[in-house]
Asks: 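Encoded as structure tokens, here's the structure I'll be asking about.
Residue numbering restarts at 1 for every chain, and letters A, B, ... go by the order of the sequence lines. Just the heavy atoms: all of them, side chains too, but no hydrogens, waters or symmetry mates, feed the values below.
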Amino acid sequence: MGAFGHYLAAHFDTLKLEFWALFVGGVANGFLYGMIAVGYTLVYGVLRLINFAHSEVFMSGGFAGYFVMRALVGQSVPSGFSSVGLILLGIVASGLAGALVATLIERVAYRTLRRRNAPKLAYLISAIGASYFLFNLAGKEFGHLSVSMPQPYINHPVFHIFGAPVEMYYVIILVVSVAMFVLLDRVVATTKLGRGIRAVAQDAETASLMGVNIDRTIAITFIVGGTLGGVAGFLFGLNIGVVYTMGFVPALKAFTAAVLGGIGNLRGAMIGGLILGIFESLCVVFVQAAYIDVVAFGILVLVLLVRPTGILGERLGRSA
Amino acid sequence: MLEVKDAVVRYGAITALHGISFSVERGEIVTLLGANGAGKSTTLRMLSGLHAPASGQILFEGRDISATKAHDFAALGISHVPEGRRIFPQMSVEENLEMGAFTRRDSVTEDMGRMYETFPILKERRKQLGSNLSGGEQQMLAIARALMAQPKLLLLDEPSMGLAPMIVETIFAIIGDIRSSGTTVLVVEQNASQALRLADRGYVMENGRIAFSDAASTLLHDERVRAVYLGESVES
Ligand SMILES: Nc1ncnc2c1ncn2[C@@H]1O[C@H](COP(=O)(O)OP(=O)(O)OP(=O)(O)O)[C@@H](O)[C@H]1O
Ligand SMILES: [Mg+2]
């Protein structure tokens, strides 16, 4: 065994020791990526465009949650029912903020272009413009330094898997994102609203012949995607704080996750998020933490080169 | 029931319809004939709100609907079976039928049962995806889907396109039944002889204009129609 072999073997030993801890962290990140990725995928499904301003939906959810926590969390860290109540309030506020900002983006940056039958490139530029406007506005209003969020709960390990502690924070992410995702999945698969969204995704013109209001359907997908993205911003900010540029990297990773799972495919977004989250978390063993983003975006480039339709392929249309 | 007055439709700089006027009476089957690019599909698309007329008027049951949006037509009582059938490929047969009833608030199970009676093959395939149906099955599904809205006026764009003669017979027989059950039909066809044998009246379009019109039985023997649109099938 050469030097490289020893290098790998040593790292695999570390991996064995830390595997479950890294895995749990990766799953939690993966769920957050998935929640953001759903927003990309829904909008792509009905509009066939990537909403590159989605990062600011995430950021606004983070700030909304922050302001609620700052206003309501007192000197001592709350526990019990008050923790649950505060977290629920944070979820509602961040979801509302995300939905609101997503709606604004749709109205101002996209609907106006749609009315004029603008080319795809115009949407991209418009999205980047909206994104710059929003995060700079946030920077000006809320300051340029990252602020940590007052904690609404005590973050202790809830249980262990294979010796690795699973903290309350991870449990919250798991519960919230699984609940929101399952609800969304069922709504899209089984309700009339969901059928309308799928119809527009498959054939917008024919959907309108059936009586589906396309503009309203598009607006709804922005609201839904914005809600999940906003809540993800809050959950993300709970741990590492909020700052006006906080949306950039997580959103780009979520976009990678959406492409990985198959853009336009709801379950693919979640699966892509989990794969990316776990993969980048385990990578820490092999490369310096500073390279994580390089790895994540390397995946994006690789997927685009090898299988641009992603793992599950493009099919928001499918009910299952 | 339907009256179009001097309707003009433009695609950007191209004028597809140069002021067409025609009418459809309640209970009729009216056919719209014409060569490729004559403006037949554009006319139907205008009649379901996909292209608003730049000028002119569309009156449906006495109401001006020229500015009505596409998604409001189903509720008005106009259903459109589009060119190429346009089945939702990733939805099951059943879901496609449910889409047809999208604007209805009452129960649709009874109507769905009726569709399965009229089109037994759809019942067999009701859990299959639209994309897995044959062309004939898709056409039947497209018609059934449109009927799920309980239309007063059914617009059909080339229902025989790309189908085997046997299936075409079936489809045309069904169109006859649809009229008998009280739905008015406006059908665009390339298959002029079939369409004229079924219809009460016909309009012949050329280059975005209505060139002439008459009773279907008269058009069937019209020199111009025979020469241009019936081609080989004249001897029948
Ligand atoms: N989306 C569009 N943009 C520009 N021009 C169009 C568009 N759709 C149709 N046209 C033009 O409008 C005219 C009428 O087209 P239309 O589809 O109504 O003809 P049609 O009679 O249905 O022909 P076919 O028998 O081939 O279906 C044609 O000259 C066509 O090229
Ligand atoms: Mg046509």
Asks: Looking at B:Asn207, I want to see if its CG is surrounded by more than 12 non-hydrogen atoms of other residues, nucleotides or ligands under 6.0 Å.
Replies: no
Asks: Hey, could you give me the CG/CZ distance between A:Asp203 and B:Phe88, rounded to the nearest 0.5 Å?
Replies: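 Here the interatomic distance stands at 5.5 Å.
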Asks: At a heavy-atom separation under 4.5 Å, does B:Phe102 approach chain A through its side chain, its backbone, both, or neither?
Replies: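 Both parts, heavy atoms under 4.5 Å.
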Asks: Can B:Glu95 and A:Arg198 be said to form a side-chain contact (heavy atoms from CB on, under 4.5 Å), step by step?
Replies: CA-CA 11 Å; B:Glu95 279 192 303; A:Arg198 284 185 288 132; 2.6 Å; yes
Asks: Of the backbone (N, CA, C, O) and the side chain (C-beta and beyond), which part of B:Ala101 lies under 4.5 Å from a heavy atom of chain A, both, or neither?
Replies: backbone
Asks: Would you mind checking which part of B:Arg104 comes under 4.5 Å of any heavy atom in chain A, side chain (CB onward), backbone (N, CA, C, O), both or neither?
Replies: backbone
Asks: Given a strict heavy-atom distance threshold of 4.5 Å, which part of B:Ala70 is in contact with chain A: side chain, backbone, both, or neither?
Replies: both
Asks: Can you confirm whether more than 12 heavy atoms, excluding those of A:Arg111, are under 6.0 Å from its CZ atom?
Replies: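 Atom CZ in A:Arg111 is crowded, with more than 12 foreign heavy atoms closer than 6.0 Å.
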Asks: What distance do A:Leu209 atom CG and B:Leu155 atom CG have between them, rounded to the nearest 0.5 Å?
Replies: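 One finds 9.0 Å between CG of A:Leu209 and CG of B:Leu155.
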Asks: Can you tell me how far OG1 of B:Thr103 sits from CG of A:Asn213, rounded to the nearest 0.5 angstrom?
Replies: 12.0 Å
Asks: Is there a side-chain contact between A:Arg216 and B:His71 (heavy atoms, below 4.5 Å)?
Replies: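 A side-chain contact is absent here, since even the closest heavy-atom pair is not under 4.5 Å.
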Asks: Salt bridge or not for A:Glu205 and B:Arg86, using N-O below 4.0 Å?
Replies: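 Yes.
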Asks: Do other residues, nucleotides or ligands put more than 12 heavy atoms under 6.0 Å from A:Phe297 CZ?
Replies: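 Result for CZ/A:Phe297: enclosed.
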Asks: Take A:Arg195 and B:Met91 through the test side-chain contact (heavy atoms from CB on, under 4.5 Å) and record every step on the way to the result.
Replies: CA-CA 9 Å; A:Arg195 213 181 297 132; B:Met91 286 190 192; 4.1 Å; yes
Asks: Around B:Arg10, counting heavy atoms of other residues, nucleotides and ligands shown, do more than 12 lie under 6.0 Å from its CZ?
Replies: no
Asks: Assess whether atom CZ of B:Phe22 is packed by more than 12 heavy atoms of other residues, nucleotides or ligands within 6.0 Å.
Replies: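 Result for CZ/B:Phe22: enclosed.
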Asks: Looking at B:Ser92, B:Pro89, B:Ala146, which makes the most heavy-atom pairs under 4.5 Å with chain A?
Replies: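 Of B:Ser92, B:Pro89, B:Ala146, B:Pro89 has the most heavy-atom pairs under 4.5 Å with chain A.
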Asks: Counting heavy atoms not belonging to A:Lys192, are there more than 12 under 6.0 Å from its NZ?
Replies: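 More than 12 heavy atoms, drawn from other residues, nucleotides or ligands, come within 6.0 Å of this atom.
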Asks: Kindly say whether A:Gln202 contributes a backbone atom to a donor-acceptor pair with the side chain of B:Gln90 at under 3.5 angstrom?
Replies: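 Side chain of B:Gln90 to backbone of A:Gln202: no pair is present.
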Asks: Apply side-chain contact (heavy atoms from CB on, under 4.5 Å) to B:Arg145 and A:Met210, showing your working.
Replies: CA-CA 9 Å; B:Arg145 181 178 67 181; A:Met210 306 292 122; 3.4 Å; yes
